[in-house]
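Encoded as structure tokens, the structure appears first; notes follow it.
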Amino acid sequence: MARTRIGVLASGRGSNLQSLIDASSEGRMDADVVIVISDVEKAQALVRARDAGIETRFVEPGRKRAHLSEEAEGVIIGTLDEYKVDLVCLAGFMRILSPQLVRRFKGRIMNIHPSLLPAFPGLKVQRKALEYGVKFSGCTVHFVDEGVDTGPIVIQAVVPVSEGDTEEVLAQRILKEEHRIYAEAVQLFGEGRLKIEGRVVHVLPERSGDAGSDKH
Ligand code: GRF
């Protein structure tokens, strides 16, 4: 089976990127991170990538706050093409992608989000979950569509909220599950087992003795 080539977009700490790097090197995922792109020059994610011998690219994001300039998006698309990326993984990427970029990689961009979507999309969601008083939260890997945290859901993991949890404690408990399910979702993608039908992602059963994979 051909290994999936992943391009990761990250803006910060990069612990989810690290989880993908580790899953790849430990053989838990038949996929490799081949390029890491960041809109933040000093992002820890870039350091982690370089430490793992992975190519990196800093892309000057432009002057908009939540979006990227057209030029920046052009560089990102060019870089993902140059590295022949099968799947784009957003891992703490703090910019909203344009509809053009999303359409260009339709069905081939995933994101990890620290809540059980559709509850608590957006930012600071662990705090929002605590303030709302939910007893369970969790995390979601979803395909990226043109909205914010609205795309078809691939995998979710449920995490209990305990009495007295702080935002940091809950975030940490959720993060542990994020690191587990992101690699699982990538593996399912690589095995050609994710079928998107409208909003719903069907996870197809494992094909025994399967030697090939359908790349989307
Ligand atoms: C994670 O909680 C992820 O779910 C969210 O942003 C955070 C990024 O953390 N999208 P890291 O940079 O992967 O450590």
Side-chain angles (χ1 to χ4, degrees), residues 6-25 28-29 31 33 35-52 54 56-59 61 65-68 76 87-97 101-102 109-132 134 136-161 165-186 189:
I6 310 172
V8 173
L9 269 55
S11 304
R13 178 178 60 177
S15 73
N16 277 289
L17 163 68
Q18 190 69 54
S19 76
L20 294 177
I21 294 172
D22 294 346
S24 172
S25 66
R28 283 181 282 118
M29 187 177 84
V33 179
I35 180 74
V36 176
I37 302 172
S38 184
D39 58 325
V40 176
E41 200 164 10
K42 294 204 154 44
Q44 176 69 13
L46 292 179
V47 177
R48 290 180 191 266
R50 285 186 208 116
D51 285 351
I54 296 166
T56 60
R57 207 57 70 83
F58 160 65
V59 177
R65 218 160 57 91
H67 294 79
L68 294 157
I76 291 176
L87 176 67
V88 181
C89 288
L90 308 184
F93 191 61
M94 301 306 283
R95 305 267 171 175
I96 299 166
L97 304 178
L101 199 157
V102 170
I109 313 182
M110 284 183 183
N111 181 42
I112 178 90
H113 181 80
S115 77
L116 288 176
L117 290 170
F120 311 119
L123 298 174
K124 306 223 178 293
V125 300
Q126 296 92 343
R127 184 193 302 171
K128 287 179 192 160
L130 287 175
E131 285 171 359
Y132 199 94
V134 294
F136 290 92
S137 188
C139 47
T140 304
V141 178
H142 63 93
F143 282 109
V144 173
D145 66 6
E146 290 163 21
V148 176
D149 301 325
T150 52
I153 291 168
V154 181
I155 304 185
Q156 295 186 300
V158 177
V159 170
V161 178
D165 270 355
T166 61
E167 194 181 335
E168 291 71 29
V169 166
L170 178 61
Q172 202 52 42
R173 196 178 300 129
I174 294 173
L175 201 57
K176 210 166 153 232
E177 293 301 299
E178 293 183 35
H179 296 164
R180 182 177 63 78
I181 66 171
Y182 214 175
E184 276 182 32
V186 170
F189 177 89

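Heavy atoms only: backbone and side chains are in, while hydrogens, waters and symmetry mates are out. Whatever order the structure lists ligands and atoms in, that order sets their numbers, starting from 1. Nothing fancy with the numbering, it's 1 onward along the sequence.
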Check: Asp165: what forms a side-chain hydrogen bond (donor to acceptor under 3.5 Å, both in side chains) with it, not counting sequence neighbours?
Finding: Arg173

Note to self: Tell me every residue that passes salt bridge (charged side-chain N to carboxylate O under 4.0 Å, His left out) with Arg28, counting only those two or more places apart in sequence or in another chain.
What the structure shows: Glu26

Note to self: Test of understanding: with salt bridge (charged side-chain N to carboxylate O under 4.0 Å, His left out), list the residues that count as partners of Arg48, not counting sequence neighbours.
What the structure shows: none

Item checked: Ser137 (side chain) donor-acceptor with Val159 (main chain) under 3.5 angstrom -> no

Checklist line | Every residue of the protein that comes under 4.0 Å of ligand 1, judged on heavy atoms | finding: Arg13, Gly14, Ser15, Asn16, Gly92, Ile112, His113, Pro114, Glu178

Check: Are the side chains of Leu20 and Asn16 in touch, meaning some heavy atoms are under 4.5 Å apart?
Finding: no

Check: Side-chain contact, heavy-atom cut-off 4.5 Å: Met94 with Val40?
Finding: no

